[in-house]
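Below, all heavy atoms of this structure are taken into account, side chains as well, without hydrogens, waters or symmetry copies. Order of appearance sets the numbers: ligands from 1, and atoms from 1 within every ligand.
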Amino acid sequence: MYKNFSLVPKVMFGRGSFAQLGDVLEERRTNSDGFVVFVLDDVFAGSELEKRLPVEDGDMVLYVNVDDEPKTEYTDLLVDKVKQHNTILPDGIVGIGGGSTLDIAKVVSLMLTNPGSSADYQGWDLIKNPAVYHVGIPTLAGTGAEISRTAILTGPEKKLGINSDYTLYDQVILDPELLKGVPKDQWFYTGMDCYIHDVESLKGTFINEFSKAYGEKSIDMCRQIFLEDHPDADDKLMMASYFGGMSIAYSQVGACHALSYGLSYVLGTHHGIGCCMAFDALDEIYPEGVLEFRKMMDRHQIVLPKKVAAPLSQEKLQLMVTTALNLTPLWENCLGPDWRHIMTREKCLELYLRM
Ligand code: NAD
Ligand code: ZN
């Protein structure tokens, strides 16, 4: 079966493009009772960026905290807050932040028009009704969340995205100026998420010319960003993230992402750093990629936490292994249809004990 997926229909790119957000929203504002919700990473509370938001009377600035990655419970709470603010549906939702905030804003826009808890929709194409119009504005680059048809959530039973065509942003604004001021470690980890998307897509068995076209360009830009010096590195990173997301849209990620889900579920490890920790243990599967990744780490003097799994109980280690091995398509992409014979529980545990 060939995938037949929607794409983000409207994209604005360029330094300073954030200033046009007001014009973009103007087209969507209905009448004087209408309102827009700005879902803003609380790292920006009181910042210059917040002052530049085109907030009008009746609008809502909804601060979100991403110290922990998005949980279903938390997004349900945020949806209630919007409903308390106004009983009518908003004219638009604007997500401003890194991958976590972008995903939260997607969920809020979906859950305003779909009944129940966000946990009911973790999976593929379970969303029934179109979302409220939503705009995504990344302030960190690498996850590809701005372009993907998923919003990743940790629920009571699983960490799994809400995957649907309705999840996609209606509009994204890619302004490289917004990346200014990201702490260096975070810049590196989220950037490596993109590099790893590219490696896993390009080295996977699902690879095809569509994914290759985007993945090869994205990895080339990652090399320029992380192994060379360029004054427009932030512009490159914005586009590398977008292209990395496009590459996996028609292929899949692999072993590193599967293992990072285990780390995240059991230890709460954040996506970017978790992918880095897992990738560093994957010499056997991605030998060239891991070598190049280590060069990038050296160049930016990044030191990863070590031996995080070793102190865990057998029970927790086994839960990590189960979480990772449940991600069948990722392993199939990485190792082929016979992957269960290669990535046994013992092998998977051994990889965790290397991290
Ligand atoms: P993040 O959004 O979790 O943010 C990391 C930290 O950086 C936070 O403390 C945040 O407040 C801070 N931050 C963000 N922008 C900043 C800025 N401009 N200046 C200073 N600080 C800033 O990080 P991320 O790596 O972008 O996103 C990871 C999340 O993305 C995870 O929740 C993961 O599940 C999700 N993800 C989603 C997709 C998708 O396709 N939907 C893909 C990959 C990852
Ligand atoms: Zn990723």
Which bit of [X] gets closer than 4.0 Å to ligand 1, counting heavy atoms only: side chain, backbone, both or neither?
| X | value |
| --- | --- |
| Tyr189 | neither |
| Val43 | side chain |
| Asp42 | neither |
| Ser264 | neither |
| Thr150 | both |

Does at least one non-hydrogen atom of [X] fall below 4.0 angstrom from an atom of ligand 1?
| X | answer |
| --- | --- |
| Pro70 | yes |
| Pro183 | yes |
| Gly181 | yes |

Report yes if [X] has an N/O atom closer than 3.5 Å to an N/O atom of ligand 1; otherwise report no.
| X | result |
| --- | --- |
| His271 | no |
| Thr143 | no |
| Thr190 | yes |
| Thr101 | no |
| Phe44 | no |
| Lys159 | no |
| Asp103 | yes |
| His270 | no |

message = How large, to 10°, is the angle at the Zn ion (ligand 2) when you draw lines to OD1 on Asp193 and to NE2 on His271?
response =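 It rounds to 90°.
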request  = Report yes if some heavy atom in the side chain of Asn163 is under 4.5 Å from a heavy atom in the side chain of Gln122; otherwise report no.
outcome  =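 A side-chain contact under 4.5 Å is absent here.
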Nearest to [atom], what protein heavy atom do you find, and at what distance?
| atom | result |
| --- | --- |
| atom 26 (O) of ligand 1 | Gly99 N, 2.8 Å |
| atom 12 (C) of ligand 1 | Asp41 OD2, 4.1 Å |
| atom 1 (P) of ligand 1 | Ser100 OG, 3.5 Å |

query = Charged N to carboxylate O under 4.0 angstrom, Lys203 versus Asp198?
reply =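 Judged by the 4.0 Å cut-off on N to carboxylate O distance, Lys203 and Asp198 do not form a salt bridge.
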ask   = For ligand 1, which atoms, with element, lie under 4.0 Å from some heavy atom of Ser148?
value =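 It comes down to these atoms of ligand 1: 39 (C), 40 (O), 41 (N).
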query = Can you tell me if Cys275 has an N, O or S atom under 2.8 Å away from the Zn ion (ligand 2)?
reply =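 Checking the Zn ion (ligand 2) against Cys275, no N, O or S atom falls under 2.8 Å.
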Parallel, tilted or perpendicular, as decided by the 30° and 60° cut-offs, for the rings of Tyr195 and Phe279 =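 Judged by the thresholds at 30° and 60°, the geometry between Phe279 and Tyr195 is perpendicular.
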Flag for His257-Asp193: side-chain donor and acceptor within less than 3.5 Å =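 Note: Asp193 and His257 side chains meet the donor-acceptor criterion.
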ask   = Just checking, is any N or O donor in the side chain of Ser264 or Lys159 under 3.5 Å from an acceptor N or O on the other one?
value =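 Yes, a side-chain donor-acceptor pair sits under 3.5 Å.
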